[in-house]
Amino acid sequence: MSEPKGKGEGQENAPNFIHDLVREDLRTRKHGGQVVTRFPPEPNGYLHIGHAKSICLNFTTAELAERGRCHLRFDDTNPEAEDTEYVESIREDVRWLGFDWGSHEYFASDYFEKLYDCAVDLIERGFAYVDSQTLEEIREGRGDFYKPGMNSPYRDRSVEENLELFAGMRAGKFEEGAHVLRAKIDMASKDVNLRDPLMYRIRKVTHHRTGDDWCIYPMYDYAHPMSDAFEGITHSVCTLEFAHHNPLYQWFVSHFDFDPMPWQYEFARLNLTYTVMSKRLLKRLVEEGHVSGWDDPRMPTIAGMRRRGYTPAAIRRFAERIGVSRRDSIVDVGLLEHALREDLNATSPRTMAVLRPLKLVIENFPEDQEIELEAPFSPNDESFGSRRLHLTREVFIERDDFMEEPMKKWFRLAPGKEVRLRYAALVTCNEVIKDEAGNVVELRCSWDPKSKGGNAPDGRKVRGTIHWVSAKHAVDAEVRLYDRLFKDENPLDEALGGDFTSRINPESLELLEGAKLEPNLGARGPGERVQFERLGYFVVDADSTPERPVYNRTIQLKDSWAKLAKR
RNA sequence: UCCCGGGUCGUCUAAGGGCAGGACAACAGGCUUUGGACCUGUGAAUGGUGGUUCGAAUCCACCCCCGGGAACCA
């Protein structure tokens, strides 16, 4: 079923070795042609773009099978850091990305009883024992990379004694640290993870779902494979750092009669340039106030990206295009931005907004006159419709669109030069008004009344077209310009020295008050996305109100002038 | 000093004994009432050394480099 990947043109389907191998399993009717995957976050933080890759991978893998399904399972086996707040944000984020787990929402904590029973079973069969050494003794006994471990003096306790102690642990008879339950595997194994790993520890902590029902909690290494098996997971997909756990994963499930028997597959986690992805570091950014919160539009969190104006489609497209492999990599954030622009370009209505206004007065335009113009919301898709704009004597243009002493190849406005006000008219700059400090405060221009709509009456070429907003009709707004959070491609590069926070881009946020919007932009609600022509894609922020609109810049348009100007 | 992964254009990734291909980025040109979008074109890579072979990115040997691994975290 895996088609030979032809050379040359049109490799629309991104390489994905997991999909390849699942297709092969489907072809051989492994698991009776069923594919069940799961996305298993621990509810102890917010999801980020790295999780998005995993979410996309797990859900699309399940879609390969006719009746495939992907579960959402909360891996809540460590009550310490977990909270329902995170459970809810995770649900919201996965749903927002466009995936549906149907009724298949599970919690590892729902399996506590079952996991306990299986542990008892392992004890009875001599595969697990209660160890009463201290933390330090256990650590010491494990050995190191070069030295094998040593058996615990408690390793050969009788089944009866183990059973009694384990029951006592559950009943709360012992203090934290007094005993643990360990799998009896091999203390001399070269794989340190196989040196009698812990299965249960005593933790007298309230769990966000089970409250104080339990004072012993299963470890990931035991709970995870078992939970997969309980749910009938066929392909357990995780990131590379769990590869060392695979033998242990197999060890646990192979001691029971599961059908299907799950298998773990690992892929390389996502890293992106100009950001950090670890929960620990993201937490620091929030707690130290470098950003406004987990949903700060500069954060690589799903919540942050949503607020920034990212679309689910762009993120999914990105995940598809970067492929899935086992090589450590740092993906150029440009790839993400490309996917974003691609989607936004196809879906965003075009509008005009002036971020840094400069007043332009059309001297030969009567004070009380207004010319109504029809402007389409899309240059090439009529279904977007259109809106009415009004040309008036005074308009605002972008400060950046005027240059008193133009550089070569400057097509925009300059003294004596003619430009097109988009959809409106051709204007020529006659005079530059300055304040005492020498700042340009106003442009006096004249227009060609025969150019209404922006067409040159005599067919003369006018290279520059700039955006504008009628001063009389403009809506004032706050605009937040976001840029990459870090100045360096890899903020964690140790060669750079210092802490990663020292590499935060000081220009990652610029607040603009008094931007001038065309009227229809004042009435849009949070989450609505538009293009401000020639500037970029913007989204209405959650803080926005009709009285005080707030727009976030999602991403700039590609700007070849900026590149030209730099040289 | 041990174990497990992994090394292909600047980046991500194909080809797995037979033309090193695609996407992003870059560069050049075309078109354009967004210096946008779109279209065309160009440059750009198999970690090293040996070996097997008519032929090696691919197989073998040795070496080098990178990532992960010794939590009562996940």
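His245(A) comes within contact range of at least one nucleobase, with a heavy-atom separation under 4.0 Å. Counting non-hydrogen atoms under 4.0 angstrom, Gln531(A) reaches a base of the nucleic acid. Using a 4.0 Å heavy-atom distance criterion, Asn246(A) is classed as making no nucleic acid contact. Nucleic acid contact for Gly334(A): sugar-phosphate only, since backbone atoms but no base atoms lie under 4.0 Å from a heavy atom of the residue.
Comparing U40(B) with G7(B), their C1' atoms sit 35 Å apart, to the nearest whole Å. Comparing the same atom, P, in U1(B) and in U42(B) gives a spacing of 49 Å after rounding to whole Å. Comparing U53(B) with C60(B), their P atoms sit 16 Å apart, to the nearest whole Å. Remark: the separation of the C1' atoms in U46(B) and C9(B) is 10 Å, to the nearest Å. With both ends at atom P, the span from C19(B) to A56(B) equals 12 Å, rounded to whole Å. Here the separation of C27(B) from A37(B), taken at their P atoms, is 14 Å to the nearest Å. Nucleotides A25(B) and A44(B), compared at atom C1', are 11 Å apart to the nearest Å.
The CE-C1' distance, from Met407(A) to G35(B), rounds to 13 Å in whole Å. Going from atom CD1 of Ile216(A) over to atom P of C73(B) covers 14 Å, rounded to whole Å.
Gln531(A) and Leu557(A) get closest at one heavy-atom pair: NE2-CD1, 3.8 Å. A pairwise comparison of heavy atoms in Tyr111(A) and Ser227(A) identifies CD1-OG, 3.5 Å as the closest pair.
Residues from residues 71-87 of chain A placing a heavy atom under 4.0 Å of any atom in RNA chain B, listed by number, are Asp75(A), Thr77(A), Asn78(A).
Distances shown here put every side-chain N or O of Arg321(A) at or beyond 4.0 Å from the OP1 or OP2 atom of G22(B). For Lys279(A) and A74(B), the shortest distance from a side-chain N or O to OP1 or OP2 is not below 4.0 Å.
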Give every donor-acceptor pair under 3.5 Å between a side-chain atom in residues 135-142 of chain A and any protein atom, sequence neighbours left out.
residue, atom, partner, partner atom, Å
Glu137(A), OE1, Thr134(A), N, 2.7
Glu137(A), OE1, Thr134(A), OG1, 3.4

Listed pairs under 3.5 Å, donor-acceptor, residues 331-339 of chain A side chains, sequence neighbours left out:
residue, atom, partner, partner atom, Å
Asp332(A), OD1, Gly334(A), N, 2.8
Glu337(A), OE1, Arg484(A), NH2, 3.0
Glu337(A), OE2, Arg484(A), NE, 3.4

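Take Ala268(A) and apply the side-chain contact (heavy atoms from CB on, under 4.5 Å) test, not counting sequence neighbours, and it matches Leu240(A).
Using a 4.0 Å cut-off between charged nitrogen and carboxylate oxygen, Glu518(A) and Arg387(A) count as a salt-bridge pair.
The aromatic ring centroids of Phe230(A) and Tyr106(A) lie 6.0 Å or more from each other.
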Check your understanding: Tell me, what's RNA chain B's dot-bracket, Watson-Crick or G-U with both distances under 3.5 Å, | for other-strand, [ ] crossing?
Key -> .((((((..((((....[..)))).(((((.......)))))....(((((..]....))))))))))).....
Could you write out each protein N or O paired with an N or O of nucleotides 3-6 of chain B at a distance under 3.5 Å?
none

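Remark: the Glu82(A) side chain and the Asn78(A) side chain contain no N/O donor-acceptor pair separated by less than 3.5 Å.
Interface remark: the Arg463(A) side chain does form a donor-acceptor pair with the U32(B) base, using a distance-only criterion of under 3.5 Å.
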